[in-house]
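Atoms within a ligand are numbered from 1 in the order they appear, just like the ligands themselves. Note that these values count all heavy atoms, side chains included, but never hydrogens, waters or copies made by symmetry.
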Amino acid sequence: MAEPRNALVTGASRGIGRAIAATLAADGFRVLCVSTREGGCDDTLQECHRAGGEARAFVCDVGDEASVAQLAETVEREFGALAAVVNNAGVTRDGLVLRMSTDDFDSVLATNLRGSFLVTRAFARGMTKARAGRIVNVGSVVGVVGNAGQANYAASKAGLIGMTKAMAKEFGGRGVTVNLVAPGFITTDMTAKLSGEIQKGILQTIPLGHFGEPKDVAAAVRFLCSDAASYITGQVLMVDGGMAM
Ligand code: NAP
């Protein structure tokens, strides 16, 4: 039997990342699941196994260069070049600009934008050498339309769009595609923090009339990692129930 193709998914301990991991495992990828905590991906591994796939867990802070270098060394030694990288790890530290601390700004950029850069840089060499690979960044509708109280988060996700397009141009000649999936409001721990009042207001802006589920985002990532998407690069795929159009 052929060796499974390896897909690395950051932020795989819960929410959207867990759904992406399980979906790629069901598609036959060996999924390398990353989160910041030892044991953080235990439930995800079980889901991947239930989906009939193989999965392994790794601890890494994607915003930390040494931590990413360590991850890349371990993964490449054990599994060689990756077929896919999904930069899904993300955080919010919301606040109005006039009250936002520099640390709140920097830390969100460090995980969401710098983290995706560091992880991609660490694994792209193997992909370009293999002349094949899929990189999918998880952005946000907020990176496209902005959102009061999320200047740091919006900047990080808008930055990811520019980075996706730049990398798509750099890696295109080497057979590596780079795309971004931009979720709208998806029911996870991240959005559970928002008050009922805020959730009600957001619901009114969604043409499809309901919040999304992690599996909705996972389906888009699965498509971009599949052979069916081999001629698609540098694109932003909105998975937002029509919030931004
Ligand atoms: P979530 O439930 O809060 O999960 C976040 C994941 O990121 C966790 O697995 C967490 O791991 C990981 N993570 C956080 N900081 C990390 C770091 N420095 N290094 C490595 N992993 C880290 O979030 P979610 O709702 O599933 O969101 C996933 C992605 O979708 C994010 O990029 C988010 O911005 C984006 N998104 C979400 C929504 C939404 O409505 N939920 C909408 C648009 C975009 P630990 O368990 O170790 O903390």
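- Taking atom 18 (N) of ligand 1 as the reference point, the nearest protein heavy-atom neighbour is Asp61 OD1, 2.9 Å.
- With a heavy-atom cut-off of 4.0 Å, Ile186 touches ligand 1 through backbone and side chain alike.
- Residue contacts with ligand 1 leave out Cys41, since none of its heavy atoms falls under 4.0 Å from the ligand.
- Under 4.0 Å from ligand 1, the heavy atoms of Thr188 that appear belong solely to its side chain.
- Of all protein heavy atoms, the one closest to atom 7 (O) of ligand 1 is Gly11 CA, 3.4 Å.
- Within ligand 1, the atoms closer than 4.0 Å to a non-hydrogen atom of Thr191 are 39 (C), 40 (O), 41 (N), numbered from 1 in the order shown.
- Looking at Asn137 and Ser116, their side chains never bring a donor and an acceptor atom within 3.5 Å of each other.
- At a heavy-atom distance under 4.0 Å, no atom of Ala182 approaches ligand 1.
- Clustering ILVMFWY residues whenever any of their side-chain heavy atoms sit less than 4.5 angstrom apart, transitively, puts Ile186 in a cluster other than the one holding Phe211.
- Enclosure of atom CZ in Arg125 is not indicated, since only 12 or fewer non-hydrogen atoms of other residues, nucleotides or ligands lie within 6.0 angstrom.
- Every atom of ligand 1 is numbered from 1 in the order shown, and the set under 4.0 Å from a heavy atom of Val138 is 29 (C), 30 (O), 35 (C).
- Hydrophobic cluster membership differs between Val62 and Val138, with clusters built from Ile, Leu, Val, Met, Phe, Trp and Tyr side chains linked at under 4.5 angstrom.
- Taking atom 21 (N) of ligand 1 as the reference point, the nearest protein heavy-atom neighbour is Ala89 CB, 3.5 Å.
- Near Phe185, meaning under 4.0 Å from any of its heavy atoms, are these atoms of ligand 1: 40 (O).
- Nearest non-hydrogen protein atom to atom 27 (O) of ligand 1 is Ile16 CD1, 3.9 Å.
- Considering both main-chain and side-chain atoms, Thr36 comes within under 3.5 Å of ligand 1 through a nitrogen or oxygen pair.
- Contact analysis puts Ala12 in contact with ligand 1, with a non-hydrogen atom separation below 4.0 angstrom.
- Taking each heavy atom of Asn112 and Ser156 in turn, the nearest pair found is ND2-OG, 3.2 Å.
- Below 4.0 Å from some heavy atom of Ser13 lie the following atoms of ligand 1, by number and element: 8 (C), 9 (O), 10 (C), 11 (O), 45 (P), 46 (O).
- Regarding atom 19 (N) of ligand 1, its nearest protein heavy-atom neighbour is Val62 N, 3.0 Å.
- Side-chain contact between Phe123 and Asn6 is absent, with no heavy-atom pair separated by less than 4.5 Å.
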Chi angles and distances behind the side-chain contact (heavy atoms from CB on, under 4.5 Å) call for Ile135, Met167:
CA-CA 9 Å; Ile135 297 163; Met167 289 183 174; 5.7 Å; no
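- Atoms CG and CG, on Asp104 and Leu109 in that order, are 11.5 Å from each other to the nearest 0.5 Å.
- By the 6.0 Å contact criterion, CD on Gln199 is enclosed, its count of non-hydrogen atoms from other residues, nucleotides or ligands being greater than 12.
- Residue Lys193 places its NZ atom among more than 12 non-hydrogen atoms of other residues, nucleotides or ligands, all under 6.0 Å distant.
- Here atom 14 (C) of ligand 1 lies nearest to Val91 when heavy atoms of Val91, Val68, Leu71 are compared.
- Note: the hydrophobic cluster containing Val59 does not contain Leu45 (ILVMFWY, side chain heavy atoms under 4.5 Å, direct or indirect links).
- In Pro214, neither the side chain nor the backbone holds a heavy atom less than 4.0 Å from any atom of ligand 1.
- Using a 4.5 Å cut-off on side-chain heavy atoms (C-beta onward), Ile206 and Asp240 make no contact.
- Of all atoms in ligand 1, numbered sequentially from 1 with element shown, those under 4.0 Å from a heavy atom of Arg37 are 45 (P), 46 (O), 47 (O).
- No continuous path of ILVMFWY side-chain contacts below 4.5 Å connects Ile161 to Val136, so the two sit in separate hydrophobic clusters.
- Contact atoms of ligand 1 toward Gly15: 26 (O) (distance under 4.0 Å to a heavy atom of the residue).
- Residue-level proximity to ligand 1 for Lys157 is carried by the side chain, the only part with a heavy atom below 4.0 angstrom.
- Both the backbone and the side chain of Asn88 come within contact range of ligand 1, each with a heavy atom under 4.0 Å.
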May I have the step-by-step check of side-chain contact (heavy atoms from CB on, under 4.5 Å) for Ser230 and Arg134, ending in yes or no?
CA-CA 9 Å; Ser230 58; Arg134 301 298 167 84; 3.4 Å; yes
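- At a 4.0 Å cut-off, at least one heavy atom of Cys60 sits close enough to ligand 1 to count as contact.
- Regarding atom 1 (P) of ligand 1, its nearest protein heavy-atom neighbour is Arg14 NE, 3.7 Å.
- Closest to atom 33 (C) of ligand 1 among all protein heavy atoms lies Tyr153 OH, 3.5 Å.
- Exactly one of Leu24, Asn88, Val119 qualifies for a side chain to side chain contact (heavy atoms under 4.5 Å, CB included) with Leu8. That residue is Val119.
- Summary of contacts: the protein heavy atom closest to atom 38 (C) of ligand 1 is Gly184 O, 3.9 Å.
- Set against the non-hydrogen atoms of Gly90, the atoms of ligand 1 under 4.0 Å away are 5 (C), 7 (O), 14 (C), 31 (C), 32 (O).
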